[in-house]
There are 2 protein chains.
Amino acid sequence: MRAGQSGNDGASDMTGPAKKRTPRQRDPERTRAQLLEAALHEFADHGFHGARVDRITRAVGCNPRLLYHYFGSKEKLYIAALEHIFADIRAQERELDLDRQEPVQAMRRLVEFTYDFFDGNPLFVKLTRNENLLEGRFIADIAAIRTSSQPLLDAIGAIMARGQAQGVFGHRYDPLQIYVTIVALSAHHLNNGHTLSAIFGIDLLSRDWRSARRAHTVDLVMNALSGADSPQP
Amino acid sequence: MRAGQSGNDGASDMTGPAKKRTPRQRDPERTRAQLLEAALHEFADHGFHGARVDRITRAVGCNPRLLYHYFGSKEKLYIAALEHIFADIRAQERELDLDRQEPVQAMRRLVEFTYDFFDGNPLFVKLTRNENLLEGRFIADIAAIRTSSQPLLDAIGAIMARGQAQGVFGHRYDPLQIYVTIVALSAHHLNNGHTLSAIFGIDLLSRDWRSARRAHTVDLVMNALSGADSPQP
DNA sequence: CGCCTAAGTAAGTATTTTATGAATTAACAT
DNA sequence: ATGTTAATTCATAAAATACTTACTTAGGCG
C-alpha cells in the first residue's frame, strides 16, 4: 500500500465526503485484467442484457470511464470476455494427446476429460448459454474458434477406427454425433439444472448427483461404442 | 393534438400506413391471449432482460397500458408465459401411455416422443434456457410443475424392470439418469446449436442434421439399455 | 334511454443505464 | 526538469425503458 496517502491533501476537495481520494495506483494491465474478470462473471450471471456495466466497474472499484477506455463499449467487452473463455478450452484440449493410448482407454479419457471440463468451468457453461440465447451473434466472429475442432473430430474418428479394427468397438458412429453426445451427457444437467431440479424435486447440481452423473456418462458412452450392434427396428 | 376525432384526420399522420385510427375492437380475451402469445415469442427470443414490453405491445398492436391492465408487470407477464408453456408439456406427456406396450417398444416410443417434443417446441426450449439463465428464479413458484414428473419416472422404472425381467434389457440404470440422458441427447444441440455450429462449421440446426440426431439418440438409448453390462474399468 | 363499468387510448414521467467530453494526474523517456 | 503520453477522475449528456396518470369510448343492464 505504498500509494501516496499523504492523505490530507484530499482536503482540497470541495465536496463534503472527501473519502477515497486514494487515486488508484496506475497499473493498466491489472485494471484491464480485473475488468475482464469482473465482466466474465457479470455476463455469466446475468447474460448480456442483464449485465450492468456499472456493476462491473463497482466490482473492480474503478471509474466507469475506464471500462470504455479499455474496451470501447459493453458489446466489445462482452466479445472480449467470450474470446477469453473460449481460448481456455482450446488450450486445455491440446493437452489431451489421445493418439498414443489404447482405444478404450483413450475414449474413456476423452469422456472424463470433457465431463470434468464442463463440471469445472461454470463460467464457460453460462457464457455459452447466453451466447446461444443471442443466437450466436458474436461467436462466429471470434477467430480461431474453429482451429482445433477438426483435429478433435479426427482424433475421435481415429480412436473409433482403431477400436473397430481391434474388435473392441462395435458399430461405428459419426464422430461429430459422438462428440455432441459426450458433451450433451456432460453438460445438459448443468445448462438446465434449475428447471430440471424444480421439476423433479432433486438437486441435480449437488456434488453427489454430479458425481453419479459422471459415472453414468462414462458408462453410457463406453457401452454405446462397445455394443455389438444397435437393436434393429 | 386532441387525438380522438373521427377517421379521416389520419392525413396528419406522417407514416404511410395510417391504420391506427381504428380504435381496436373490444375483446378482452383475445387481447389477453395475443399479449401472452407475443410475450412468449419475445421472452423466448431475447430472454427476460432482453425482452421489451414495448415490442410486445407493438406486435399485438395495442396500447402499452393494456399490458399492465392485464398482467400487472413485465415480471408477472413473464411468469404467465412460463406457466403457459409448461402446461403444454404436461398435457402432451399425459398422452404417452407407456404401460401397455412391450418394454423395448415403450422405451423407443418414449425416446422418440421426447426428441420430437423438443424438436417441435423451440419456444419451450428457449424459455427454459432463459429461466436457467435466471437461475430458476420463477420456475419453483409455478405450482403443478412437479405434478406429473414422478409418474413419468415411475413409468420409466417400470419399463426397465419389465425389460429386465424379460431379459431384453441388461444393466438397470437410475430412471432419473436415463430420463436426463434422453433429454440431453434430444435437446443439447438445440440449446447450444449456435455455438456448436460455429465451432464445427456445420449447421446442427438444419433439418438433415436434426434428423440424423434423432436416429442417433434412439440408437444410443436403446443400445445402452439392451447392452449386457458396462465394460469394466 | 342513460348510466356505469371495464376495455382501450393518449401522453407523459421517473428512473435507470450506457456512453462521452474534457480536465487532471501519474509515469516515463529524453 | 520537462514535455509527452497514457491512465484516471469528474460531471453529465442522451437515450431507453418500465410503468402511470388521466382521459375516452364501447357496450351490457337497469
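Sequence lines set the chain letters: A, B, ... in the order given, protein chains first and strands last, and positions in each chain run from 1.
Within the 4.0 Å cut-off from OP1 or OP2 of C:dG21, not a single side-chain nitrogen or oxygen of A:Tyr68 is found. Distances shorter than 4.0 Å separate none of the side-chain N or O atoms of A:Tyr70 from OP1 or OP2 on D:dA6. For A:Arg65, no side-chain nitrogen or oxygen approaches OP1 or OP2 of C:dT20 to under 4.0 Å. When the side-chain nitrogen and oxygen atoms of B:Thr31 are compared with OP1 and OP2 of C:dG8, one or more of them lie within a distance under 4.0 Å.
Contact of the A:Leu204 side chain with the A:Asn192 side chain is not registered, since no non-hydrogen atoms from C-beta on lie closer than 4.5 Å.
You'll find that the side chain of B:His69 is closest to C:dG8, out of C:dT25, C:dG21, C:dG8. Listed nucleotides C:dT18, D:dA7, D:dA18 differ in distance to B:Val53; the shortest reach to its side chain belongs to D:dA18. The side chain of A:Asn63 has D:dT9 as its nearest neighbour among D:dA22, D:dT9, D:dT17. Across D:dA18, C:dG8, C:dA26, the shortest atom-to-atom separation from the side chain of A:Arg26 is found for C:dA26.
Residue contacts shown for B:Phe71 are absent, as no nucleic acid heavy atom lies under 4.0 Å away.
Ring pair A:Phe71/A:Tyr78: centre-to-centre distance not below 6.0 Å.
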Detail all sub-3.5 Å separations between protein N/O atoms and N/O atoms belonging to nucleotides 1-5 of chain D.
none

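Between A:Phe138 and A:Phe48, the ring planes lie tilted relative to each other; the angle falls in the 30° to 60° range.
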